[in-house]
Amino acid sequence: MRLSAYFLPTLKETPAEAQIVSHRLMLRAGMIRQTSAGIYAWLPLGYRVLRRIEQIVREEQDAAGAQELLMPTIQPAELWRQSGRYDDYGKEMLRITDRHDRDMLYGPTNEEMITEIFRSAVRTYRDLPKNLYHIQWKFRDEVRPRFGVMRGREFLMKDNYSFDLDAAGARRSYQKMFLAYLRTFARMGLKAIPMQADTGPIGGDLSHEFIILAETGESGVFCDKAWLDLDVLNQAPAHDDDLQPFFERFTSIYAATDEKHDPATCPVPADDLVSARGIEVGHIFYFGTKYSAPMGATVAGPDGEQVTVEMGSYGIGVSRLAGAIIEASHDDAGIIWPDAVAPFKVGLINLKSGDAECDRVCGDLYAALTRAGVEVLYDDRDERPGVKFADMDLIGLPWHLTVGPRGLKNGVVELKRRATGERSELSADAALARLAG
RNA sequence: CGGGGCGUAGCGCAGUCUGGUAGCGCGCCAGUUUUGGGUACUGGAGGCCCCCGGUUCGAAUCCGGGCGCCCCGACCA
């Protein structure tokens, strides 16, 4: 993509309403625009990131055996009356009346709807287990939206729902999601730590919040320092393995939010205990028959009796992750995208657009990289070098490839790694080999 | 939902107390500068001063009523 033609309204100054760093950087980098309190438009650069995040979530869900579908944003109130939540949910639920005076709502979550779909289609235990997910916009009319996309009213969420014949099956479904979540966040370059959360009336150990560590996180967390150098991707078992040992190991390493942390009973010695800040990016829980019972989601069991199915639900804040990743990965100059979610891999900077030699070398590099499948944002604007460098640092692409007349005189271009600031001079061919290889 | 603040050019703000030609910086446009980490200079465009009503010869400014946005707290993916 040529920057001269790209819709990328970067800002030099920070809009007054943005208080936290990810919100400021997303506005300044031209990723989002606010349209109302807690509601945002995603501009091309931001939308690319959102889709990247969504795709990683999707791949890990599919790998874990979940099946994607898509439910609507608007739901009939009737379903929520069946579960008893229509009156309980309060003002956070956006209620709508259609032209026929029917009560509708903009879905804040989808337990009722998925239960309705399930109960109308599944009759026998032979069709279990099932795990269905979708990635869809939700609306919760928060009293006070803030922190940009980290706590918007409208947000993109991956939510899925598991259906099992009994508690043992539900436990296995839960463990599959536990593994999928650890893999998902690790792939995004995040250190996500599962922390035991309130399970409500069901009890047990089957509810975890996944919290990523970031200096600017909302809540205080404590964890065993063993978490810090745990390599999840290398230790993760296959989804078909017996997940119990893995689950036990990862839930036994201490981690707690400050609400649950009690220094008096903490099993971790003070020297091994890390105190940090965190952002919740995922939440999984098992809730048994909370919805299946009132809504009559039953199947015929092996002995012919009707059995109420055991359910769990699992959420990932996809749009929140865009902000959370920035909270976890930025510096004074701007965003530092982890490779897996970067909107482009390489920023190609032409220091002197209009100069025949610079234009030719850049054009060749751009064409060759594109041919090799490398996504490039080519800054071909007629701008000052300082402006180009500053914009590129702000946008935070993983690699910056700089071409200028001074370097070309010596036959070199400059390659910079955004995360480390490390720069090296090399030939255009060598740079191409490194980026495309 | 309690408490507080703000609304003036695309962005950041001054002007409001004490009513009298709508300003500054950045950005934008046209030039000069030919620049190696937000360069410098010259010229220019761009405003229902959030909305409605009132007071006044005259309102961005005073009064009344709305709306919007932000912050702190409580609450929450």
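Convention: sequence-line order gives letters A, B, ...; per-chain numbering from 1. Side chains included, hydrogens not; waters and symmetry mates left out as well; all remaining heavy atoms used.
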> Heavy atoms under 4.0 Å, any strand shown: does A:Lys409 hit a base, just sugar-phosphate, or nothing?
Replying inline: nothing

> What integer number of Å spans the C1' atoms of B:rG27 and B:rG12?
Replying inline: 11 Å

>> Using a 4.0 Å heavy-atom cut-off, does A:Pro9 contact any base of the nucleic acid, only the sugar-phosphate backbone, or nothing at all?
In response: nothing

> Does any N or O in the side chain of A:Ser292 come within less than 3.5 Å of the main-chain N or O of A:Val309, such that one atom is a donor and the other an acceptor?
Replying inline: yes

>> Counting the atoms with a prime plus P, OP1 and OP2 as sugar-phosphate, which does A:Thr109 contact under 4.0 Å by heavy atoms, base, sugar-phosphate, or nothing?
In response: nothing

> When you measure from the side chain of A:Glu13, which nucleotide among B:rC11, B:rC69, B:rC75 comes out closest?
Replying inline: B:rC11

>> Using the rule given for ring pair (Phe, Tyr, Trp, His ring centres under 6.0 Å), can you reason through A:Trp80 versus A:Tyr89, listing the C-alpha separation, both sets of side-chain angles and the distance that settles it, and then say yes or no?
In response: CA-CA 9 Å; A:Trp80 288 67; A:Tyr89 219 93; 5.6 Å; yes

> Do A:Phe389 and the base of B:rG38 stack face to face, with centres under 5.5 Å apart and an angle between planes under 30°?
Replying inline: no

> With sugar-phosphate meaning primed atoms plus P, OP1 and OP2, does A:Glu209 contact a base, only sugar-phosphate, or nothing at under 4.0 Å between heavy atoms?
Replying inline: nothing

>> Applying a 4.0 Å non-hydrogen cut-off, can you work out what A:Gly282 is touching in the nucleic acid: base, sugar-phosphate, or nothing?
In response: nothing

> With sugar-phosphate meaning primed atoms plus P, OP1 and OP2, does A:Lys91 contact a base, only sugar-phosphate, or nothing at under 4.0 Å between heavy atoms?
Replying inline: sugar-phosphate

>> Students often get this wrong, so: under 4.0 angstrom with heavy atoms, is A:Asp393 touching a base, only sugar-phosphate, or nothing?
In response: base

> In a check of side chain to side chain donor-acceptor pair (under 3.5 Å) between A:Glu68 and each of A:Lys158, A:His134, A:Arg58, A:Gln61, which one passes?
Replying inline: A:Arg58

> Can you check the A:Met93 CE to B:rA77 P distance for me, whole Å?
Replying inline: 15 Å

> Hey, does the Lys NZ or Arg CZ of A:Arg418 hover above the aromatic six-ring of A:Trp399, less than 6.0 Å from the centre and inside 45° of the axis?
Replying inline: no

